[in-house]
Amino acid sequence: MKLELTADQEFFRETTRKFLESESPLTAVRQRWDSPDGFDRGWWRAAADLGWTSLLVPEQLGGGTLSGSPVADAVIVAEEMGRMVAPGPFVPVNVVASTLATWGSADQQALIAGLVSGDEVAAWAFAEPGRSWDADAVRLTLTVDGGDVVLAGRKAYVEAAAQAGHLLVTARADAGLTQVLLATDTAGLTVVPGRSIDIVRRYGSVVFDDVRLPGSALVGEVGGAEAAVERQLQIAVALQCAETVGAADRVFETTVEYAQDRYAFGRPIASFQALKHRIADMLQWLEFSKALSDAAAAAVDADATDGEAARLVSVAKAYIADHCLDIIDDCVQLNGGIGVTWEHDIHLYSRRAAVNRAVWGSPEEHKERVAALLEI
Amino acid sequence: MKLELTADQEFFRETTRKFLESESPLTAVRQRWDSPDGFDRGWWRAAADLGWTSLLVPEQLGGGTLSGSPVADAVIVAEEMGRMVAPGPFVPVNVVASTLATWGSADQQALIAGLVSGDEVAAWAFAEPGRSWDADAVRLTLTVDGGDVVLAGRKAYVEAAAQAGHLLVTARADAGLTQVLLATDTAGLTVVPGRSIDIVRRYGSVVFDDVRLPGSALVGEVGGAEAAVERQLQIAVALQCAETVGAADRVFETTVEYAQDRYAFGRPIASFQALKHRIADMLQWLEFSKALSDAAAAAVDADATDGEAARLVSVAKAYIADHCLDIIDDCVQLNGGIGVTWEHDIHLYSRRAAVNRAVWGSPEEHKERVAALLEI
Amino acid sequence: MTDARDQAVDEDVESFRIRARAWIEANLPDRDHPGDDDRALQALLFDSGFAGIAFPREYGGAGLTLAHQKVFYDEVRAAHRWAPCGMPWQVSIGMMAPTILDHGSEELKRRHLPRMLRGEETWMQLLSEPRGGSDLAGATTRLTRDGDTYVLNGAKMWSSGAHTCDFGLCLARTDWDAPKHRGLSMIAVPLHDTPGLVLEVIRAVDGNPGHFCQEFFDDVVVPVENLVGEENSGWAVAQSLLFHERNATGGAGYGYGLQNARPTNRQAQRSADGVIATAKQRGVGGDPVLRQLMAESYIEYTASRFANDRIAAGMRTGQFKGPWGSLLKLHLGALSSRHAKIGLAVGGADGVIWEGDAKVGGVAGEAWLSARGIAIAGGTNEIQRNIVSERLLGLPREPSPDRDLPFSEVVRNQHR
Amino acid sequence: MTDARDQAVDEDVESFRIRARAWIEANLPDRDHPGDDDRALQALLFDSGFAGIAFPREYGGAGLTLAHQKVFYDEVRAAHRWAPCGMPWQVSIGMMAPTILDHGSEELKRRHLPRMLRGEETWMQLLSEPRGGSDLAGATTRLTRDGDTYVLNGAKMWSSGAHTCDFGLCLARTDWDAPKHRGLSMIAVPLHDTPGLVLEVIRAVDGNPGHFCQEFFDDVVVPVENLVGEENSGWAVAQSLLFHERNATGGAGYGYGLQNARPTNRQAQRSADGVIATAKQRGVGGDPVLRQLMAESYIEYTASRFANDRIAAGMRTGQFKGPWGSLLKLHLGALSSRHAKIGLAVGGADGVIWEGDAKVGGVAGEAWLSARGIAIAGGTNEIQRNIVSERLLGLPREPSPDRDLPFSEVVRNQHR
């Protein structure tokens with residue numbers, strides 16, 4: 001929620017917000033609970049037309065930043081998506097597009113046009129069942145067999161796995177972390193669709209039963225994917241933090257308004273000091289969350305090599321996942337009974353925040369990461 | 001703070017409280033800041049005369065319980081000591097007396113009379129520098145050499161080490177945990193006196209430079225001290241919990257009174273809802289702390305073999321060390337600036353509670369112990 | 001039938017325990033296979049003199065004390081047997097029956113208490129309103145005397161289990177010119193086939209019908225003899241009801257305590273055991289950071305158990321006067337959210353994401369979504385904190401600008 | 001001397017940064033060996049046009065903006081050099097000088113501001129009173145006009161560093177029949193060799209004299225021209241002072257931010273670095289549970305740094321109106337106690353027990369004892385929460401029964 005946006009960024013926020021308000025109001029979000037995909041393809045193409053999928057792609061590949069700080073640009077979309085608990089495979093598509101733009105072969109970069117236009121969806125298969133969101137935890141094996149590579153293992157919690165035409169897969173070869181890009185209809189690959197407590201966000205598992213691919217499926221060198229994976233994680237976490245902050249911001253805003261309108265004991269409930277003090281704490285957490293989210297995005301944009309980006313991304317995730325969840329949680333309390341019903345919109349945000357807490361690493365995992373980066 | 005005491009226990013609480021109020025008011029506690037020992041020998045004999053040191057000793061050895069539940073009896077003293085942040089080596093003397101009564105040789109039991117009368121002070125040397133308060137962490141070595149045993153290593157955080165005539169030492173032999181009783185003037189043994197942030201509670205380190213003792217110094221068998229050590233820990237923690245609860249109880253009581261008397265903005269500060277709600281939370285923590293402290297004492301009295309005592313003692317310590325510290329901390333806040341001056345008595349309680357948090361194991365250590373006992 | 005009760009005259013708690021234990025072992029079903037007819041089981045308890053243990057004999061009770069009741073349910077649990085303890089019994093017998101006992105007319109007590117204790121009738125409460133929230137005394141449901149009957153108009157909300165119960169104790173306004181607390185009356189409204197009454201089950205956060213209901217009253221006619229207490233003295237009756245509710249929720253008084261209830265899957269997650277089981281299942285039981293969190297949950301629930309006993313003892317011995325059950329309710333309300341967050345940490349991604357197309361899964365996530373329920377229903381945490389500070393500690397009351405105004409002049413919700 | 005300042009006219013921030021960097025490298029001492037004459041150093045800054053960077057040139061400042069000031073101190077820190085930033089400069093130049101600038105007479109400004117900026121005079125505040133606490137407007141120190149002078153009677157407390165400062169800005173009551181906020185005046189009281197003034201240093205929790213003082217005024221005569229603002233408009237001056245205080249404490253406005261101050265041993269413990277160093281020293285840096293706690297401290301202090309920048313930007317761009325510094329102060333106040341508890345956990349027994357007979361040791365324990373200071377001084381956490389909720393979010397004010405009464409009729413502390 002940067003205070004000093006460029007004019008282009010301001011305009012982008014405005015069009016994004018208007019688009020979401022008219023094309024994805026909360027009533028529409030609720031309706032997509034029944035849909036297997038969670039989002040509509042035509043709607044996604046319209047979102048892509050606004051620029052949602054092109055920000056992390058350089059101009060020569062059909063993208064372009066608004067401000068020279070592509071992650072900060074994308075953060076604007078993420079915040080607005082959070083405010084409207086919007087559907088759409090925003091993080092995976094942008095992460096894959098960004099990595100293909102930097103590390104992909106020319107053939108692989110051909111996919112970018114489809115991602116940018118919204119015709120194609122890609123997902124990033126990274127985490128594995130029951131394991132932490134850490135590159136060190138990747139166990140899916142990649143074996144080099146002549147000119148081919150063979151993948152065996154299982155991925156889980158893959159956003160939009162069942163909706164994607166392509167997967168970027170992070171695997172472990174003898175030489176180290178390795179990534180491949182493959183189509184989801186590749187032989188030996190099974191996508192198990194799944195859901196989450198989020199109303200519209202779908203995840204899936206992916207089983208790799210000795211999936212054989214030509215060497216051209218490699219994104220970068222065998223064993224040389226460490227920097228790409230770290231960057232992907234940083235982008236994903238930065239965007240997710242912005243989304244969580246957007247969600248908390250909206251919940252806080254509507255709850256404070258409600259507390260001023262709602263009377264009990266002859267007074268607006270916002271006049272009760274115990275509530276006022278909790279609201280003050282919430283504003284503190286919220287503003288600090290905004291500051292950290294922006295700081296993390298700026299560090300990822302700067303792509304600093306001194307570990308600043310890695311550290312700030314983890315700092316932001318740990319702070320935001322905890323405090324924004326607490327904000328939403330206490331806002332449920334302030335809303336009273338109606339806040340724990342299906343009819344009230346706040347649970348849509350609780351759901352998103354709870355999923356975001358876990359995905360891309362829990363606050364506990366990111367605190368450990370911070371400790372490690374500080375060399376404690 | 002049991003609600004249903006026997007008539008004898010009620011009377012005992014009353015005499016203990018009166019004794020402390022007249023013989024150890026807070027002004028006297030403050031004066032002992034200058035004294036190396038932290039307590040006065042004559043005063044300690046008077047306390048012993050009231051029964052402070054005889055409760056965990058059977059009648060035939062000169063002691064006796066009031067109610068048949070000796071730990072619950074001793075808890076009464078601990079609570080009152082907490083309320084008055086009293087001096088005196090209450091925990092070490094009772095722990096050593098209890099263990100000698102159960103496991104000591106006849107010669108060793110001769111010391112009990114002096115402990116009961118208050119003429120003698122004994123300390124328990126258990127923890128070691130920088131290590132956790134866990135029997136597994138004991139590294140001081142005991143080597144059997146013919147009929148002798150030899151101790152080498154270092155103990156730390158030993159309450160009343162420099163004030164004690166005898167030490168009960170927990171050591172590790174090849175055969176396992178082993179305890180010995182020795183005089184503090186034994187050759188090769190050096191006591192390094194120390195202090196704590198508590199006004200009157202003194203701790204010391206003890207260096208064992210190949211201290212050679214006859215086999216008669218053993219308390220129980222070589223390698224056979226595990227049960228005794230566990231029981232000593234349980235008694236120490238149960239009494240410490242009661243003391244911390246007593247301290248928080250007194251601080252809470254005086255602070256609530258102050259908040260009702262103190263006016264700001266034309267109102268008693270206790271009429272501000274934000275403070276009222278925090279006071280309500282504090283009462284909840286305090287009552288739950290009392291319930292757990294009593295439950296732990298009862299379990300130690302029952303000496304249950306199903307692990308109930310071990311588990312409840314750790315549950316109580318973890319809960320009380322955290323929540324009673326929080327109570328005192330927020331009471332400092334409610335007292336305002338005066339609460340962070342030397343003149344105000346609340347820091348005497350903050351000091352005691354902070355020392356009690358660490359000694360006999362931190363809440364973090366006891367939570368881990370609970371998890372282990374639950375076989376998670 | 002009266003024979004069973006006769007044994008109980010002046011029976012001390014330990015003798016009662018021995019008698020109860022024998023009866024429990026001979027008569028009650030296994031806790032894990034209790035069958036599904038709690039009504040029949042409650043009738044068996046009643047007919048054997050073990051229902052309404054602390055209720056007077058003339059109303060079908062055993063004429064003993066709350067200490068005897070506690071012993072009975074402790075024995076049931078110790079023997080791993082089952083006696084009806086969850087909803088609606090907890091409410092009907094644990095909260096509504098004692099309220100009738102405190103305030104009902106002799107006729108009401110004689111007619112309804114035996115049926116309630118035997119499980120033939122189940123009762124619940126109709127207190128909160130859609131616009132009212134915690135301000136129960138601000139009720140705007142209108143009760144009007146019309147000759148020999150009353151006529152009820154308005155709406156109630158957050159009424160747990162109204163769809164499965166026979167009667168609801170309804171708080172309604174009979175005098176609009178009196179100050180808010182002095183114009184209310186309490187009346188028992190039949191919930192089945194009542195003309196003018198529309199009852200809807202509120203959809204819970206998981207999208208399914210929950211146990212909360214909403215009722216709309218459109219000229220519902222209620223007999224005058226259903227009034228509980230005097231006209232315009234309904235607030236005193238409500239206070240009594242809330243007292244019993246807090247105690248029952250906390251596990252003191254006439255209630256059975258949540259620890260006696262049959263755990264559902266979701267409730268299981270709402271305890272340290274559930275979280276620990278999740279950790280073991282996910283293979284993260286060895287994680288030192290998660291172990292701290294699981295231990296914390298265990299510690300809090302253990303503290304709750306002993307605090308329960310302490311407060312029961314304080315009330316029994318008269319050392320604790322006033323609504324001390326609020327302290328237990330406050331703890332549960334504050335813990336539920338913390339515990340749900342611990343569940344999220346332990347559940348990790350598996351707590352919020354699952355395979356397949358079921359819309360409900362991820363037990364930790366679902367528990368998190370509904371965790372605030374206990375912090376709101378039955379008096380919010382905030383209300384409990386007011387009660388604790390004002391009524392247990394005697395701190396000054398919150399200013400209530402509406403307290404002494406005629407109710408018709410009170411400012412209510414505004415929309416800007 | 002004016003030459004140095006002349007360079008600054010209309011200078012943009014980046015040009016200023018380059019000029020400042022060169023000057024800093026050529027003139028300022030190493031941060032770790034800054035010598036002990038901060039007054040001389042401040043005079044050097046002043047004479048070179050780098051003191052009071054955002055103050056008008058006619059009062060000795062450089063006539064630039066707060067953004068320039070921030071850049072200057074960022075550069076000082078980046079170059080690992082030292083400029084006077086701690087007490088008393090943070091108060092005298094960061095809070096008192098801007099208050100004089102806002103409300104002082106032209107004469108006061110011309111006489112004192114250059115001296116304050118040059119470090120020849122140091123100022124502090126005399127607001128709180130022994131019986132007053134947070135209720136600053138309830139001051140009962142009496143200021144009476146007597147011909148050409150004022151006479152001061154009463155007592156002040158919690159005045160930081162009064163014993164080392166030259167002047168104190170004192171809030172006193174001039175009209176006892178006006179409502180509390182409308183009978184106050186602010187006056188500058190000389191603190192050295194002032195007849196009738198007794199100044200005592202309050203003993204801190206560690207038993208040693210701290211930095212808080214208490215002052216007793218017994219017919220202290222103060223010149224009329226020392227009045228800051230009009231008679232009976234002292235509350236507006238106090239508000240201005242508190243605004244600058246919150247900003248300075250939070251690290252915005254004219255203050256330097258705590259991150260620029262030279263850390264003392266105790267302050268070092270009051271940061272993640274201190275706790276981490278303790279852990280390494282004790283060999284417990286590998287403990288996964290303590291690592292979570294240390295990371296938490298690091299995260300909070302990092303958040304504080306970026307929130308600082310955010311709020312400074314919001315105030316600079318006018319998007320944040322009102323006392324947003326309160327949010328930073330609230331965070332520091334809430335964090336200090338949490339951080340001290342983390343210190344206790346990491347310090348373990350070594351944090352509270354030490355060898356030898358020194359009465360002070362155990363850095364974690366001592367930090368814990370004094371941690372609440374920052375949560376109380378400069379406006380308690382509670383006051384900040386009131387400010388945030390009422391003035392940043394516009395929630396309804398707390399009822400103040402004393403607000404409109406003549407002050408002489410206000411109920412004050414009672415003793416039962």
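Each chain gets a letter, A, B and so on, in the order the sequences are listed, and its residues count up from 1. Note that the structure is a prediction, hence the values are computed from the model and not measured.
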Side chains of F306(C) and V315(B): closer than 4.5 Å at any heavy-atom pair? no
Is any side-chain heavy atom of Y319(B) closer than 4.5 Å to one of T302(C)? no
Calculate, to the nearest 0.5 Å, the distance between atoms [atom1] and [atom2] belonging to [X] and [Y] respectively.
X       : Y       : atom1 : atom2 : value
K280(C) : E375(B) : NZ    : CD    : 7.0 Å
M315(C) : L3(B)   : CE    : CG    : 12.0 Å
L283(B) : W324(C) : CG    : CH2   : 5.0 Å
Q284(B) : S304(C) : CD    : OG    : 9.0 Å
L393(C) : Q260(B) : CG    : CD    : 8.0 Å
I299(C) : R311(B) : CD1   : CZ    : 11.5 Å

N/O donor-acceptor pair under 3.5 Å between K367(B) side chain and M294(C) backbone: no
Tell me if a side-chain donor or acceptor on Q273(B) pairs with a main-chain N or O of E398(C) at a distance below 3.5 Å. no
Under the criterion side chain to side chain donor-acceptor pair (under 3.5 Å), I'd like the reasoning laid out for H277(B) against N386(C): C-alpha separation, chi angles, the key distance, then a yes or no. CA-CA 7 Å; H277(B) 279 203; N386(C) 279 349; 2.8 Å; yes
Using the side-chain contact (heavy atoms from CB on, under 4.5 Å) criterion, which residues pair with A238(C)? Sequence neighbours excluded. L171(C), M186(C), W235(C)
Can you tell which of L374(B), V370(B), L373(B), I279(B) has the highest number of heavy-atom pairs within less than 4.5 Å of chain C? L374(B)
